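Notes follow the structure.
Values below: every heavy atom of this structure, side chains too, minus hydrogens, waters and symmetry copies. The shown structure was predicted, so the numbers you read here are calculated from the model rather than taken from an experiment.
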Amino acid sequence: MRNSVHSDFERRLARIDRIHAAGGAFEATGALGRAYFDSHRPKERRRFPWRAVAMVFLGMLLFKGAILAQIGPETYAHRVDALAAGTAAEKIGAWVLRADAPTQFIATQLHAILY
């Protein structure tokens with residue numbers, strides 16, 4: 001008799017331990033339980049997406065390099081100069097699209113691969 005009562009008790013304790021390990025618990029009405037503290041936990045602040053900014057920057061460099069490799073440096077410079085003669089927004093675009101050293105390096109590498 002004592003052994004069966006002891007084994008029933010051990011099974012109940014094991015079941016309660018499994019429920020607790022899964023995140024469940026008994027919460028009496030009016031008590032401050034896990035649900036209360038989970039809802040009042042300070043939310044994690046969103047961080048600045050540096051990885052996304054780097055990917056956009058790298059994509060822009062690859063795009064500029066691909067255009068430069070495709071149309072050639074003379075035509076590219078002529079088109080950027082024509083863009084620089086336009087409005088303020090076009091001047092900003094010309095500044096962004098200028099053929100800087102990384103763009104020229106990417107263009108030479110792409111030109112060697114493609115042609």
Let me confirm one number: the [atom1]-[atom2] distance from [X] to [Y], rounded to the nearest 0.5 Å.
{"X": "I67", "Y": "I106", "atom1": "CD1", "atom2": "CD1", "answer": "12.0 Å"}
{"X": "E10", "Y": "D17", "atom1": "CD", "atom2": "CG", "answer": "9.5 Å"}
{"X": "L13", "Y": "D8", "atom1": "CG", "atom2": "CG", "answer": "11.0 Å"}
{"X": "F63", "Y": "L68", "atom1": "CZ", "atom2": "CG", "answer": "12.0 Å"}
{"X": "T108", "Y": "I113", "atom1": "OG1", "atom2": "CD1", "answer": "9.5 Å"}
{"X": "T103", "Y": "L110", "atom1": "OG1", "atom2": "CG", "answer": "11.0 Å"}

Going hydrophobic residue to hydrophobic residue with side-chain gaps under 4.5 angstrom, can you get from M60 over to L97? no
Checking the side chain of [X] only, and the main-chain atoms of [Y] only, is there a donor and an acceptor separated by less than 3.5 Å?
{"X": "Y76", "Y": "A69", "answer": "no"}
{"X": "E90", "Y": "A85", "answer": "no"}
{"X": "K64", "Y": "V96", "answer": "yes"}

Evaluate whether atom CZ of F9 has more than 12 neighbouring non-hydrogen atoms of other residues, nucleotides or ligands under 6.0 angstrom away. no
